[in-house]
Amino acid sequence: MFTIKLLLFIVPLVISSRIDQDNSSFDSVSPEPKSRFAMLDDVKILANGLLQLGHGLKDFVHKTKGQINDIFQKLNIFDQSFYDLSLQTIEIKEEEKELRRTTYKLQVKNEEVKNMSLELNSKLESLLEEKILLQQKVKYLEEQLTNLIQNQPETPEHPEVTSLKTFVEKQDNSIKDLLQTVEEQYKQLNQQHSQIKEIENQLRMTNIQEPTEISLSSKPRAPRTTPFLQLNEIRNVKHDGIPADCTTIYNRGEHISGMYAIRPSNSQAFHVYCDVISGSPWTLIQHRIDGSQNFNETWENYKYGFGRLDGEFWLGLEKIYSIVKQSNYILRIELEDWKDNKHYIEYSFYLGNYETNYTLHVVKITGNVPNAIPENKDLVFSTWDHKAKGHFSCPESYSGGWWWHDECGENNLNGKYNKPRAKSKPERRRGLSWKSQNGKLYSIKSTKMLIHPTDSESFQ
């Protein structure tokens with residue numbers, strides 16, 4: 001711009017000097033060579049001005065090109081960001097559709113269970129009416145029988161009375177079975193209702209949030225409710241010959257890790273996973289590897305177990321208690337962080353029964369990771385739907401069931417499974433983590449909880 005202004009200032013001067021020279025030529029005749037040299041000087045000045053103008057225009061063009069390139073790069077970045085945002089929005093819409101389909105299926109199942117419950121109730125009412133009628137008949141027959149006995153003491157009991165008594169006993173047994181079935185159906189109905197409410201809450205949260213906000217935040221995962229461990233329930237089996245624990249199985253010659261049936265003393269038979277490591281058999285009571293199983297389950301599920309023995313699972317507090325009440329056991333916890341570093345810690349422990357809310361006492365024996373479980377204290381197991389009276393309510397802020405004392409520590413191995421990405425502190429403390437008493441926090445990738453009798457050597 002300065003060059004252009006300079007040129008605009010010089011050109012009029014050149015023109016005016018040219019005009020003055022022309023006017024002076026009329027007054028006095030000057031020599032021809034001097035006029036020629038003056039015109040050459042003017043041309044040189046004009047050419048120099050044009051050259052500077054060209055250089056200025058060239059620099060201006062280069063700057064303009066650079067600015068245009070920057071604008072194009074920013075536009076490309078904006079287009080890519082908008083494209084990624086659209087992809088995330090599509091994924092969220094697909095997840096919302098899947099949630100709606102799941103909700104619809106659960107509603108259909110809920111209706112089926114309701115219909116079955118109504119049918120069972122109607123059958124139960126009819127059976128109760130039949131029972132009343134039969135009881136009246138039996139009472140009448142007993143009165144007649146009493147009269148007959150008084151009149152003829154040596155007369156044997158009438159066959160009709162015997163058959164009626166047998167029939168009534170069978171009816172009573174049938175009614176008891178039906179009552180038990182109805183109770184189980186009601187439990188299933190309650191579980192279905194809670195599942196539907198959770199999914200509806202998730203759908204409401206999904207509909208309220210804007211697509212951009214959802215795509216930039218961590219998306220809530222719909223709870224995956226898994227029924228009780230189907231492999232653990234063994235009915236109508238012959239208990240003779242079923243071993244009491246994994247150690248008995250190992251002593252019989254089975255030295256391969258896998259699923260086996262056991263029957264602790266005074267207990268039902270069920271399946272467990274026996275983990276044979278370094279020549280020692282351990283019973284696996286908890287396993288976390290990839291977050292495929294939701295561990296924010298109810299008290300009932302934590303009591304009887306959930307998940308799959310060949311994947312992620314919780315064996316069940318009642319089954320664990322039936323094993324450890326036979327002898328003194330060691331609790332071993334194996335941890336693996338996201339850098340593939342492996343840690344372990346072993347405790348001698350005592351586990352209470354249902355009446356004590358499965359109270360846990362631990363004392364550290366050995367390990368290569370700092371202790372995070374309070375020693376020599378009453379650690380009471382509780383879940384979001386079952387809090388021990390008089391104890392601190394941790395599961396409202398910490399997902400998953402666990403053993404708690406008078407305060408919540410960041411060592412919940414049944415918490416939410418968090419993948420290795422940036423998380424806020426409240427999110428991490430609700431997740432799968434192990435915080436030692438010296439303050440060091442381990443973000444956990446996988447966990448194992450195993451038990452083993454103390455009369456056998458533990459492995460290092």
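Note: hydrogens, waters and symmetry copies are ignored here, and every other heavy atom, side chains too, is used.
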- Message: Contact between I289 and H287 at the side-chain level, heavy atoms closer than 4.5 Å - yes or no?
- Response: yes
- Message: Whether the Y358 and E318 side chains hold a donor-acceptor pair (N or O, under 3.5 Å, no angle test) is what I'd like checked.
- Response: yes
- Evaluate the side-chain proximity of L360 to V380: yes if any heavy-atom separation is below 4.5 Å, no if none is. no
- Query: Have D84 and Q80 got a donor and an acceptor in their side chains that come within less than 3.5 Å?
  - Reply: yes
- Any cation-pi pair here, K319 with Y304, using under 6.0 Å and within 45°? no
- Query: Are T248 and N251 close enough that a side-chain donor and a side-chain acceptor fall under 3.5 Å?
  - Reply: no
- Query: Side-chain contact, heavy-atom cut-off 4.5 Å: I249 with P281?
  - Reply: no
- Message: Within the 4.5 Å heavy-atom criterion, are L85 and Q88 side-chain neighbours or not?
- Response: yes
- Query: Between T366 and E346, do the side chains contain an N or O donor and an N or O acceptor separated by less than 3.5 Å?
  - Reply: no
- Polar contact flag, side-chain donor to acceptor under 3.5 angstrom, Y140-Q144: yes
- Query: Angle class for the F82/F78 ring planes (parallel below 30°, perpendicular above 60°, tilted otherwise)?
  - Reply: parallel
- Message: Tell me if the NZ atom of K123 is crowded by more than 12 foreign heavy atoms within 6.0 Å.
- Response: no
- Do the rings of W299 and H386 sit parallel, tilted or perpendicular, given the 30° and 60° boundaries? parallel
- Task: Before accepting this row, confirm whether a basic side-chain N of the pair K139/E142 lies closer than 4.0 Å to the acidic partner's carboxylate O.
- Result: no
- Using a distance-only test with no angle check, is there a side-chain donor-acceptor pair under 3.5 angstrom linking D385 and Y302? no
- Can you name the one residue among F349, Y347, W282, Y329 that meets ring pair (Phe, Tyr, Trp, His ring centres under 6.0 Å) with H452? W282
- May I ask you to check whether Y250 and H255 place their ring centers less than 6.0 Å from one another? yes
- Hey, does the side chain of W384 reach the backbone of G401 with a donor-acceptor pair shorter than 3.5 angstrom? no
- Message: For a quick check under 3.5 Å, do Q286 and T447 share a side-chain donor-acceptor pair by atom type?
- Response: yes
- Message: Assess, by modelled atom type and distance only, whether the side chains of N376 and H361 contain a donor and an acceptor separated by less than 3.5 Å.
- Response: no
- Query: Can R308 and E312 be counted as an ion pair, charged N to O under 4.0 angstrom?
  - Reply: no
- Could D337 and K342 be called an ion pair, given the rule that one side-chain N must be under 4.0 Å from one carboxylate O? no
- Is R332 salt-bridged to E334, going by a charged N under 4.0 Å from an acidic O? yes
- Evaluation steps, side-chain contact (heavy atoms from CB on, under 4.5 Å), between E375 and K364: CA-CA 7 Å; E375 297 184 73; K364 181 180 176 181; 3.7 Å; yes
- Under 4.0 Å between a Lys/Arg side-chain N and an Asp/Glu carboxylate O for D290 and K445? no
- Message: Can you confirm if the NZ or CZ of R288 lies within 45° of the ring axis of F295 and under 6.0 Å from the centre of its six-membered ring?
- Response: yes
- Query: Is the closest side-chain heavy-atom distance between I132 and K137 below 4.5 Å?
  - Reply: no
